[in-house]
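Here the structure is laid out as structure tokens; the discussion comes afterwards.
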Amino acid sequence: MLVLLGFAMVATFMVLIMTKRMTPLLALILVPTIFGLFTGAGLGLGDMILEAVGQMAPTAALLMFAIAYFGIMIDVGLFDKLVNWIVRVVGHDPAKVVMGTALLTAVISLDGDGSTTFIVVTAALLPVYHRLGLSPVVLTCVAGLTNGTLNIVPWGGPTVRAAAALNVDAADIFVPMIPSLLVGLAVVFVFAWLLGLSERRRLRREDPARWGRPEQRFDAGSVTFGGQGTTDSGTDDGADDAAGEGLGGSGRGTGGSHPSGGPVPSGTPGTSGAPAGVGLLERAETTQSAGGPDMSDTALDPNRDTLRPKLFVFNLVLTVVIMGLLIADIVPLSYLFMIGTAIALLVNFPNVKKQAEVLGNHSSSIVAVVSMVFAAAVLTGVLTGTGMVDAMSTWLVDVIPDSMGPILAVLTGIISIPATFFMSNDAFYFGILPVLAETGAHYGIPAVDMARASITGQPVHMQSPLVPAILLLVSMAKVDLGDHHKKVLWRACIVALVMLASGVLFGVIGIYN
């Protein structure tokens with residue numbers, strides 16, 4: 001009976017959130033409560049859930065202060081100079097533009113918010129893509145790959161979910177996986193460079209008069225971030241025309257043609273009802289030659305009153321120190337970001353009212369994520385307290401051949417690739433992973449190994465149409481989601497498998513005999 005109730009609860013939870021009949025927050029609370037009552041737990045559910053809430057408190061604290069810290073660093077302008085430098089450096093060569101896209105995405109992805117990352121990257125670089133005649137699909141591919149790979153940072157979502165679902169420390173999952181993360185990023189940068197070379201060859205082949213000579217200088221004109229004193233070099237009178245008739249050029253949506261002469265992808269979210277940021281890109285197109293990409297009303301607005309240019313060195317050193325302590329793992333991550341947030345606020349915003357205002361600006365993101373963690377305590381508490389997860393894992397042990405037991409962690413990583421694409425992270429980490437982990441325990445596989453393996457599928461998960469951030473990305477770039485998937489999915493699968501394999505080679509995802 002517990003096996004049937006357990007699988008029925010997980011299936012009900014997954015169906016409700018995948019069909020959008022209920023938000024994940026409500027489903028995490030209501031569904032386990034109802035099924036827990038069917039087990040006869042009665043008022044004992046309260047004690048089970050409160051115990052789980054206490055176990056998840058450190059994870060919630062980590063999320064809260066990590067989101068606040070990186071939000072403050074974006075507010076004060078820590079990343080602005082890097083964005084400015086990248087846009088200046090990559091403006092002359094398609095290969096460098098694509099590599100710069102990967103680098104910029106990697107840096108901005110450190111805040112753990114995919115939507116913010118894609119708004120900043122697309123607003124800064126899409127006008128450069130249009131001016132050079134590069135395919136915006138390359139931008140979405142590289143940005144999606146990079147952000148998906150970095151989505152395993154503890155404050156990004158999946159690692160915290162895995163930690164909450166299996167009651168392990170997020171640092172114990174993430175820190176040993178850093179070498180695998182670096183290997184995955186290296187593969188992403190290789191893909192970015194190859195895509196850049198491919199675009200360079202295409203431009204030379206399709207427009208030999210402009211790009212035909214190997215020594216020809218790829219010149220996009222002088223494009224500077226933030227609208228600071230740019231000029232058009234005038235090296236190619238057709239550059240502006242190409243930009244104007246590119247994908248999404250001058251706000252013309254999907255009408256017109258690609259600069260290379262091909263058809264414009266259609267069928268993406270258009271101008272009506274478009275997410276915030278689409279209008280920004282259209283304004284950036286029309287103002288590009290006059291002053292570079294327009295970043296007003298974005299996280300990197302050059303005129304925002306929270307900028308602290310005189311404290312740039314201090315903020316950079318503080319962030320480097322925090323990242324170093326994170327890797328060294330000598331201080332609990334939640335406490336580390338508590339101290340970092342307090343220092344950042346005190347130094348950058350000495351005024352008490354301003355401190356409250358800055359924190360308030362990030363409150364919606366903090367509440368959304370932290371409330372999800374505590375709601376997950378209901379599901380994990382009921383699964384554990386009622387004995388459902390034990391019964392389900394025992395059943396799975398009887399089903400899985402003994403020969404496959406020692407490699408269950410590796411199988412979990414492989415399963416996570418398609419599973420997290422076709423279902424949300426909530427459904428996988430709170431519904432599937434606990435059962436797999438309990439099954440692995442029967443073969444002596446630690447829960448932390450199962451958690452590490454489970455996060456390797458994130459490069460594929462971030463391309464899922466269930467992820468709002470990726471829909472925002474393709475909408476802002478005016479790229480068809482199908483075209484994005486054709487270019488990105490097989491590459492994302494390779495990155496995920498490389499991260500899994502490197503985790504096994506580094507000994508952080510074990511094979512137990």
> Under 3.5 Å, side chain of T159 to main-chain N/O of P154, donor-acceptor pair present?
Replying inline: no
> Once you round to the nearest 0.5 Å, how far does CZ of F337 lie from CZ of F70?
Replying inline: 4.5 Å
> With R205, which residues qualify under side chain to side chain contact (heavy atoms under 4.5 Å, CB included), at least two apart?
Replying inline: R202
> Under 4.5 Å between any side-chain heavy atoms of T306 and K354, yes or no?
Replying inline: yes
>> What I'd like to find out is whether the side chain of F349 reaches to under 4.5 Å of the side chain of I72, using heavy atoms alone.
In response: yes
>> Side chains of E199 and V138, heavy atoms from C-beta outward: is any pair under 4.5 Å?
In response: yes
>> Minimum heavy-atom separation for D483 and V137, please, with both atom names.
In response: O-CG1, 3.7 Å
> Between OG of S416 and CG of L433, what distance do you get to the nearest 0.5 Å?
Replying inline: 9.5 Å
>> Within the 3.5 Å criterion, strictly below it, is a donor on H461 or N151 matched to an acceptor on the partner's side chain?
In response: no
>> If you define the side chain from C-beta out and look only at heavy atoms, does anything of D75 sit under 4.5 Å from H362?
In response: yes
> Where is the tightest heavy-atom contact between A451 and I173, given as atom of each residue plus distance?
Replying inline: CB-CD1, 3.5 Å
> Looking at V142 and L195, what are the two nearest heavy atoms and their distance?
Replying inline: CG2-CD1, 3.8 Å
> Under a 4.5 Å cut-off applied to non-hydrogen side-chain atoms, are M450 and I509 in contact?
Replying inline: no
>> Could you report the tightest heavy-atom contact between M462 and A469, atom names first, then the distance?
In response: CE-CB, 4.3 Å
> Is any side-chain heavy atom of Y69 closer than 4.5 Å to a side-chain heavy atom of T319?
Replying inline: yes
> Do Y129 and T101 meet the criterion of a side-chain donor-acceptor pair at a distance under 3.5 Å?
Replying inline: yes
> Of all heavy-atom pairs between G457 and T420, which one has the smallest distance, and what is that distance?
Replying inline: O-OG1, 3.7 Å
> Are side-chain heavy atoms of V474 and D480 found at a separation under 4.5 Å?
Replying inline: no
> Looking only at atom types and distance, does a side-chain atom of T341 sit under 3.5 Å from a main-chain N or O of A68, one as donor and one as acceptor?
Replying inline: no
>> Can you pull out every salt bridge (charged side-chain N to carboxylate O under 4.0 Å, His left out) where at least one residue sits in residues 147-163? Sequence neighbours excluded, please.
In response: R161-D426
> At their closest point, which heavy atom of L333 faces which heavy atom of A171, and how far apart are they?
Replying inline: CD1-CB, 3.6 Å
> Looking at H485 versus F421, is the centre-to-centre ring distance below 6.0 Å?
Replying inline: yes
> Is there side-chain contact between I470 and H484, with heavy atoms separated by less than 4.5 Å?
Replying inline: yes
Would you tabulate the side-chain donor-acceptor contacts of residues 184-193 under 3.5 Å, counting partners in other chains and residues two or more places apart, or write 'none'?
none

> Do the side chain of Y429 and the main chain of S454 share a donor and acceptor less than 3.5 angstrom apart?
Replying inline: yes
>> Quick one: does any side-chain atom of R204 pair with a main-chain N or O of R200 as donor and acceptor, under 3.5 Å?
In response: no
>> side chain to side chain contact (heavy atoms under 4.5 Å, CB included), that's the test. Do M499 and I455 meet it? Break it down for me.
In response: CA-CA 9 Å; M499 291 176 65; I455 63 176; over 6 Å; no
> Among L26, T12, L379, V15, which one satisfies side-chain contact (heavy atoms from CB on, under 4.5 Å) with V31?
Replying inline: T12
>> Checking the side chain of T105 only, and the main-chain atoms of A143 only, is there a donor and an acceptor separated by less than 3.5 Å?
In response: no
> So, does S198 use its side chain to make a donor-acceptor pair with the main chain of L194 at under 3.5 Å?
Replying inline: no
> Going from OG1 on T122 to CG on L473, what distance comes out if it is rounded to the nearest 0.5 angstrom?
Replying inline: 5.0 Å
> Within a reach of under 6.0 Å around NZ of K486, are more than 12 heavy atoms found that belong to other residues, nucleotides or ligands?
Replying inline: no
> Do N348 and Q355 have side-chain atoms, one donor and one acceptor, less than 3.5 Å apart?
Replying inline: no
> Rounded to the nearest 0.5 Å, how far does CD1 of I74 lie from CG of N361?
Replying inline: 12.5 Å
